[in-house]
Amino acid sequence: MLLLTCPNCGERNVAEFRFGGEAVKRPAPEDVNRATWADYLYLRRNTNGMQREWWYHTPCGCWFVAERHTRTQDVSHTAFWSPEG
Amino acid sequence: MLQLIRHGLNGKRPFPRMWREHELKDRYEVVIIGGGVHGLAAAYYLARDHGITDVAVLEKNYIGSGGSGRNTTIIRSNYLTPEGVLFYDESVKLYETLALELNFNLLFSQRGHLTLAHNDSSVRTMRWRAEVNQLQGVDSRLIWPDEIARLCPQLDLSDHPRYPILAALYHPPGGVIRHDAVVWGYARGADLRGVHIHQKTEVTGIDVTNSRVTGVRTTRGTIKTGVVLNATAGWATLISDMAGVRLPITTHPLQACVSESLKPFLNVIIVSGSLHVYVSQSDRGELVMGASVDPYTSYSLDSTLGFLEGLSGHLLELMPSLARVKILRQWAGLCDMTPDYSPIMGFTPVEGFLVDVGWGTYGFKAGPVSGKRMAELIATDRTPDLLAPFRLSRFEEGRLVGEKGAASVGH
């Protein structure tokens, strides 16, 4: 069973969380054309390995970023999002 | 049949092999990556319809070891968008004559497919689907509890469940088929026409020069080729990365399970989108059951208890009489999910690198038609009309083919 550590509440069963997809950087609105916007919306790395991704903890209502291995399900790190990444 | 009896009596074992093994040549006209139903069907139709037999199918494991051997074998065409309905309907028609065509018993059983609606908005979507289906000439209609009771008396049609059954979309041509036999039949048909099937041959790189494919590197040597077809489902982005083509795909495991064998009692396929469950009874009497994709992306083929608990709870909501039935085994396959729940077929920015991917949870039922049409695309270098809506560039153009309401039970 996958356990995730909510930065707010500590370690919990994955059933309490919702997956928010891999973390992608939103391009600055002034630099966007059709292709870069489609990239941001749809294209994904779909890594077979460590992946930086969004999760939502339903009981406390907070979004955070986790680093998870997409094959072994090891979670190395979870933290609130920060602009530095 | 006679052949089977003759072989049984002559004592020769084992049965003759259905396809040959070959040395890997250093040049092929077409290289197909992925030995599932899509890759093998493309190879078969390239050879049968277009006379292109210098084809290699590369499979990193054994053929049919991916999604083609892990699906729940349901075939139907009652989709939501006209593009989707037309496409899957051609697939159903190909499946109807496939056993004869391949001279291989595929045990295709068109027993009828029921998609249950548990609330007003689902009834509305079913009505919408029925209208779109009928307009495209597909046998599909909305039915009410009295008719559902006649087709499947095992369902709890009372108003006691939390999600009572209000109506259903009935699709009589929907059915189940022997999935392994489809793979083997195509493999044998392709092999007979000169296609090389290479099992245990993993692709390690794709050579691209000036935005053009020039070769494929594998664990058994390098192949020079001008045409590469990526038909690798859950691994599609890893293969496309080798050619420098990015795809709007994420890989999710989809789990399924079978129960112990029971006497035949269920002669239709039951699907509930709201409850995330589908079930049919196999020829051996096992209940073949599946649900929605796992809620997070993963390349793991592990089974989870959470899936089994969720599926069992929902199935018992539909058929409480199954409470004491035991689960026999459980497994997972990898699905390549796209943002609009429709596949991606055709050309990419790299010349000669083609994709037949994004098949998510609905790839098996489309094997024959996508194989046939991708073969046509390779042979003529033109996109067939049927494939045009599913081009890779639709995401940039903002012309998605939204099949979320009909393609998958989990959304």
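Just so it is clear: chains get the letters A, B, ... in the order the sequence lines come, proteins before strands, and each one is counted from 1. All values derive from a computational prediction rather than experimental measurement.
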Legend entry - Heavy atoms from other residues, nucleotides or ligands near CZ of B:Arg399 exceed 12 (cutoff 6.0 Å): no

Inset, instruction - Check each atom of B:Pro339 against the heavy atoms of chain A and say whether the ones under 4.5 Å are side chain, backbone, both or neither. - result: side chain

Legend entry - Most chain A-contacting option - heavy-atom pairs closer than 4.5 Å, from B:Phe395, B:Tyr296, B:Trp235: B:Tyr296

Legend entry - Contacting moiety of B:Thr250, where chain A heavy atoms sit under 4.5 Å: both

Inset, instruction - Kindly check if the number of other-residue, nucleotide or ligand heavy atoms within 6.0 Å of OH (A:Tyr56) is above 12? - result: yes

Legend entry - The single option from A:Arg71, A:His69, A:Gln73, A:Arg68 passing side-chain hydrogen bond (donor to acceptor under 3.5 Å, both in side chains) against B:Ser298: A:Gln73

Inset, instruction - May I have the step-by-step check of side-chain contact (heavy atoms from CB on, under 4.5 Å) for B:Thr297 and A:Gln51, ending in yes or no? - result: CA-CA 10 Å; B:Thr297 62; A:Gln51 170 168 286; 3.2 Å; yes

Legend entry - Options A:Leu2, A:Thr72, A:Asn13, ranked by heavy-atom pairs under 4.5 Å with chain B, top entry: A:Leu2

Legend entry - Other residues, nucleotides, ligands: >12 heavy atoms within 6.0 Å of A:Arg45 CZ: no

Inset, instruction - Could you tell me which non-hydrogen atom of B:Glu396 sits nearest to which non-hydrogen atom of A:Ala38, and how far apart they are? - result: CA-CB, 3.7 Å

Legend entry - Contact class of A:Thr47 relative to chain B, heavy atoms under 4.5 angstrom: backbone

Legend entry - Atom group of B:Leu334 that falls short of 4.5 Å from chain A, counting heavy atoms: neither

Legend entry - Winner by heavy-atom pair count (cut-off under 4.5 Å) against chain B, out of A:Arg18, A:Glu22, A:Arg34: A:Arg34

Legend entry - Region of A:Ala15 in contact with chain B, defined by heavy-atom distances below 4.5 Å: neither

Inset, instruction - Step through the shown structure and confirm whether more than 12 heavy atoms of other residues, nucleotides or ligands are within 6.0 Å of CG on B:Asn210. - result: no

Legend entry - N/O donor-acceptor pair under 3.5 Å between B:Tyr299 side chain and A:Gly49 backbone: no

Inset, instruction - Among A:Trp37, A:Tyr42, A:Phe17, single out the residue with the greatest number of heavy-atom pairs under 4.5 Å to chain B. - result: A:Tyr42

Inset, instruction - Supply the atom-to-atom distance A:Asn46 CG to B:Leu238 CG, rounded to the nearest 0.5 angstrom. - result: 7.0 Å

